[in-house]
Peer 1: 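Would you mind keeping the following structure in view while I ask a few things?
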Amino acid sequence: MSLENKKILIIIGGGISAYKSLDLIRLLQRKGSVVKVVLTKSGKKFVTSLSISSLSKNKVFEEMFDEKNNGKIDHISLSRWADLILVVPATANFMSKLSRGGADDLASTIVLASNKEIFLVPAMNVRMWNHKATQKNLQNLSDYGYKFIGPENGEMACGEYGKGKMSSPRQILSFIKNFFEKKDLLRKKKIKAIITSGPTKEYLDPVRFISNESSGKQGYELALELSRLGVKTTLISGPTKINFSNDLKVKKVISANEMLQEVKKKLPTDIAICAAAVSDFKPIIIKKSKIKKDIKISEIKIEKTPDILSFLGQNNRYRPKLLVGFSAETENVVKNSYKKMHGKYCDIMVANDISKKDIGFNSDLNEVTIIEKNGKTQKIKKSSKKFIASVIAKKIVEKFLINEKKIN
Ligand code: C5P
């Protein structure tokens, strides 16, 4: 059921395992998926266009600029058509090309131009896989948000043994079946999530404000990832420089009070994630005109902003089914965050150590520990905020579905 009518675009790379992609096409079609195939120049050395088109019942795409296409741009139309893009096999060379953003043929251009989920299925010799360059590319590609299926351990076509063997067509099928099953389930259940992110600005007068350095990137990436997984997501963001994707529902706010009002408008919600670095203090009065420098400092009165996470945690009527907080700490990070999780009545706390350089605030990188109420922790080592978002989102969705099962 989950693969029925799903549009799968398969890119066949140039490796000995390319022949297995034919089996995959057959398996997908038996499940009711519609398959289109892009055959790379080196892929053509291992499988023929004729065998693919006979199996897929569709034209095989090979050329970047096809004159017979009446001006249609394949790399855009194919990537918009697909529900999912699979690269089978993903060779070391193709991974390297994607890692540096190369786009010199139809396959790589489709991937670069895509707005869809992309799964790479690597296949190569064990030494090629273990080579630092490939491992660096793997890290890079994960950071860009590509997902990987395999490789497995086993005997290779060259006779050597180790990691690098391509996952079998059945393993690939089960992986993507799982992906769509979860997505369809979340869509069917119409799961809703709100995410607060970015800083808030608390104005004293028309030009001065209290704020912080938060870039809002982690919350934004998390919102993108959750909606990709099938959750109806709204991002409530403080002022940031992010150029938000049109695919995401975003409510822009300035102050903590505005953020709280937007959150209230969205209740009830199934999942709430408070990733915003809400300014802790705000002036009691916002002056309409610029405050003169000779003002007595004691005349500027400040008060605490509302704590949105605690408000949600203690909300008897509308407490979200799953409530997630973020915790930035400089020492005893896990211990202090665990305490904070209980203090703010949330279910999961994502902790990061802001004493470390190049991660967290205003950076594209982060390093976090996911802490659950039962004390279970999961550390995610330094990676891009996109990658970290994908791990957190997966955890949140899994936890949510487990809780739902327990209730029903
Ligand atoms: O107490 P602290 O600011 O360290 O707590 C951080 C967590 O609380 C984050 O999830 C943040 O979004 C949330 N928070 C909030 N409203 C505030 C302050 C923090 O929702 N006024």
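We're numbering straight along the sequence, starting at 1. Ligands are counted one by one from 1 in listed order, and the atoms in each one are counted from 1 as well.
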Peer 1: Which heavy atom of Ser2 sits nearest a heavy atom of Phe180, and at what distance?
Peer 2: O-CB, 3.5 Å
Peer 1: With heavy-atom distances below 4.0 Å as the criterion, list the atoms of ligand 1 near Pro306.
Peer 2: 16 (N), 17 (C), 21 (N)
Peer 1: Using a strict cut-off of 4.0 Å, indicate which atoms of ligand 1 neighbour a heavy atom of Gly325.
Peer 2: 10 (O)
Peer 1: Does this structure show an ion pair linking Lys335 with Glu329, if we count only N-O contacts that are shorter than 4.0 Å?
Peer 2: no
Peer 1: Taking the side chain as C-beta and beyond, is there a heavy-atom pair between Phe326 and Gln218 under 4.5 Å?
Peer 2: yes
Peer 1: Between Thr196, Thr305, Ile308, flag the one that comes closest to atom 15 (C) of ligand 1 by a heavy atom.
Peer 2: Ile308
Peer 1: Return a yes/no value for Ala276: is any of its N or O atoms, backbone included, closer than 3.5 angstrom to an N or O of ligand 1?
Peer 2: yes
Peer 1: Could an N or O of ligand 1 be found under 3.5 Å from any N or O of Cys274, whether backbone or side chain?
Peer 2: yes
Peer 1: Which residue and non-hydrogen atom of the protein lie closest to atom 14 (N) of ligand 1, and at what distance in Å?
Peer 2: Asp307 OD1, 3.9 Å
Peer 1: Does ligand 1 come near enough to Leu309 that some N or O of the ligand is less than 3.5 Å from an N or O of the residue?
Peer 2: yes
Peer 1: Are Asp347 and Arg319 close enough for a salt bridge, meaning some N to O gap below 4.0 Å?
Peer 2: yes
Peer 1: If you look at every heavy atom in Ser215 and Ile242, which pair is closest and at what distance?
Peer 2: O-CD1, 3.6 Å
Peer 1: Counting heavy atoms only, which of Met349, Lys282, Lys344 comes nearest to atom 5 (O) of ligand 1?
Peer 2: Lys344
Peer 1: Where is the nearest protein heavy atom to atom 17 (C) of ligand 1: which residue, which atom, and how far?
Peer 2: Val278 CB, 3.5 Å
Peer 1: May I ask you to check if Lys264 and Phe311 form a cation-pi contact, with NZ or CZ under 6.0 angstrom from the six-membered ring centre and within 45° of the axis?
Peer 2: yes
Peer 1: Does Lys340 reach ligand 1 with a nitrogen or oxygen that is under 3.5 Å from one of the ligand's nitrogen or oxygen atoms?
Peer 2: yes
Peer 1: What is the nearest protein non-hydrogen atom to atom 6 (C) of ligand 1, stated with its residue, atom name and distance?
Peer 2: Phe326 O, 3.1 Å
Peer 1: Do NZ/NE/NH1/NH2 and the carboxylate oxygens of Glu152 and Lys163 come within less than 4.0 Å?
Peer 2: no
Peer 1: Could you tell me if the side chain of Thr91 sits less than 4.5 Å from the side chain of Met124, heavy atoms only?
Peer 2: no
